[in-house]
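Structure first, then comments.
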Amino acid sequence: MEHEVFVPVPAERLREVLDDPARVARAVPGLQQDAGAEPVAGRLKIRVGSHSVTYRGAVRVSRRDADTYAVEGEAEESRGSGSVKLGLRIALRAAEDGCTVVFDGTASADGRIKDLPAGAVESAVTRLLNRFAEHLAAAATGADDETPTPPPPSGQETGPEAEEQAPADPGLTEEPPAAPERPSVFGADVPPSSLGPEDGEDEEDEEDIAEAAHARRTMIGRSAEEVDHAPPRGRYAPVPAPQTVTAPAPLRWAAPAAALAVASAIVAVRALRRRR
């Protein structure tokens with residue numbers, strides 16, 4: 001494994017950080033230190049693709065020469081039988097306006113991470129080294145938090161279940177590309193109508209307002225029972241059923257009587273003519 005990262009910090013400042021194990025521990029992204037353990041020891045959750053693996057172990061950093069450091073570490077899966085062994089060399093190479101951090105070493109692992117795609121594992125390790133170099137530069141410039149990570153409260157779970165629930169470092173998570181935001185139809189402005197309001201619309205609105213005001217005035221001072229049983233008024237009033245108009249009894253017999261009188265008169269006139 002070989003990887004290089006440029007940081008805009010002089011090599012002398014990075015040496016000061018690498019010589020302090022406590023500052024190195026704070027530079028490891030996502031490391032949760034155990035109370036009372038070695039400076040660079042604790043739990044580290046790594047996300048590889050859509051999978052996450054939590055390791056518990058320790059790392060030792062020792063200086064070999066002026067610009068070279070040796071890193072040795074061992075860790076085991078918090079929930080599983082897998083393990084990881086790491087042998088890494090960190091070299092600081094001076095560059096213009098900064099320094100180049102060169103990582104060179106080997107690592108062997110078994111367990112869950114062995115079954116994952118090699119490309120995804122290499123991408124996760126690359127992100128981890130990039131974030132580690134960035135945190136070293138931040139620590140060298142004094143931008144990191146000098147306070148150590150506090151141990152978990154006494155009442156908080158520290159078992160494997162709590163380790164799996166711990167969030168992974170944001171820099172180790174593969175963020176999917178953000179989908180382009182599509183314009184929403186509901187957010188578009190509605191153009192005004194070119195036809196204008198219909199005739200009589202304003203008059204109907206005024207009538208509705210007047211009916212509502214009248215209904216409120218009539219409800220004031222009345223009991224709830226009276227209001228509930230009061231018939232609706234205005235446009236919501238029930239339409240009365242059509243009524244059938246029937247003529248009184250004397251008028252029903254007037255037409256037949258008149259016809260009978262006319263017929264009797266015609267018969268009498270004809271009889272008188274025959275006698276003449």
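Quick note: residue numbers are just sequence positions, from 1.
- For D104 and H3, the side-chain atoms include no donor-acceptor pair closer than 3.5 Å.
- Note that the CE atom of M1 and the OG1 atom of T106 stand 7.5 Å from one another [nearest 0.5 Å].
- A donor-acceptor pair is defined here as one N or O able to donate and one able to accept, closer than 3.5 Å; such a pair exists between the side chain of S264 and the backbone of L260.
- Of all heavy-atom pairs between I46 and A124, the closest is CG2-CB, 4.3 Å.
- The shortest non-hydrogen separation linking P29 to L128 is CG-CD1, 3.4 Å.
- Within the 4.5 Å cutoff, side-chain heavy atoms of E77 are placed close to those of R112.
- Residue T126 holds its OG1 atom at 14.0 Å from CZ of R131, rounded to the nearest 0.5 Å.
- Nearest heavy-atom pair across V40 and P21 is CG2-O, 3.6 Å.
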Verdict with supporting geometry, E134 and V7, side-chain contact (heavy atoms from CB on, under 4.5 Å): CA-CA 7 Å; E134 293 174 1; V7 292; 5.6 Å; no
Chi angles and distances behind the side-chain contact (heavy atoms from CB on, under 4.5 Å) call for R56, E76: CA-CA 5 Å; R56 177 190 293 273; E76 297 180 354; 6.0 Å; no
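- Between the R60 side chain and the A70 main chain, no donor and acceptor come within less than 3.5 Å of each other.
- Contact annotation: the side chain of Y55 approaches that of I113 to within less than 4.5 Å [non-hydrogen atoms, C-beta and beyond].
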Intermediate values then yes/no, side-chain contact (heavy atoms from CB on, under 4.5 Å), V121 and V48: CA-CA 6 Å; V121 175; V48 181; 4.0 Å; yes
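- Both V61 and V125 are members of a single hydrophobic cluster when ILVMFWY side chains are connected at heavy-atom separations under 4.5 Å.
- There is a path of hydrophobic side-chain contacts, each under 4.5 Å, that joins Y69 to L86.
- Here the straight-line distance linking atom CD of E12 with atom CG of L92 works out to 9.5 Å at 0.5 Å rounding.
- Atom CG of D67 and atom SG of C99 lie 8.0 Å apart (nearest 0.5 Å).
- Of all heavy-atom pairs spanning E16 and R23, the tightest one is O-NH1, 4.2 Å.
- Looking at V101, D97, L136, T141 one by one, the single match for side-chain contact (heavy atoms from CB on, under 4.5 Å) with V9 turns out to be T141.
- Across every non-hydrogen atom of L14 and A140, the tightest pair is CD2-CB, 4.1 Å.
- No side-chain donor-acceptor contact under 3.5 Å links R89 to the backbone of V71.
- Rounding to the nearest 0.5 Å places CD1 of I90 at 6.0 Å from CG of L18.
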Evaluation steps, side-chain contact (heavy atoms from CB on, under 4.5 Å), between D19 and R63: CA-CA 7 Å; D19 289 337; R63 188 168 183 176; 3.1 Å; yes
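- A side-chain donor-acceptor contact under 3.5 Å links R15 to the backbone of A66.
- From K45, atom NZ reaches atom OG of S52 across 4.5 Å, with rounding to the nearest 0.5 Å.
- Summarising the geometry of A133 relative to V5, their closest heavy-atom pair is CB-CG1, 3.7 Å, with the distance given to 0.1 Å.
- Residues passing the side chain to side chain contact (heavy atoms under 4.5 Å, CB included) test with E4, sequence neighbours excluded: R93, T100, V102.
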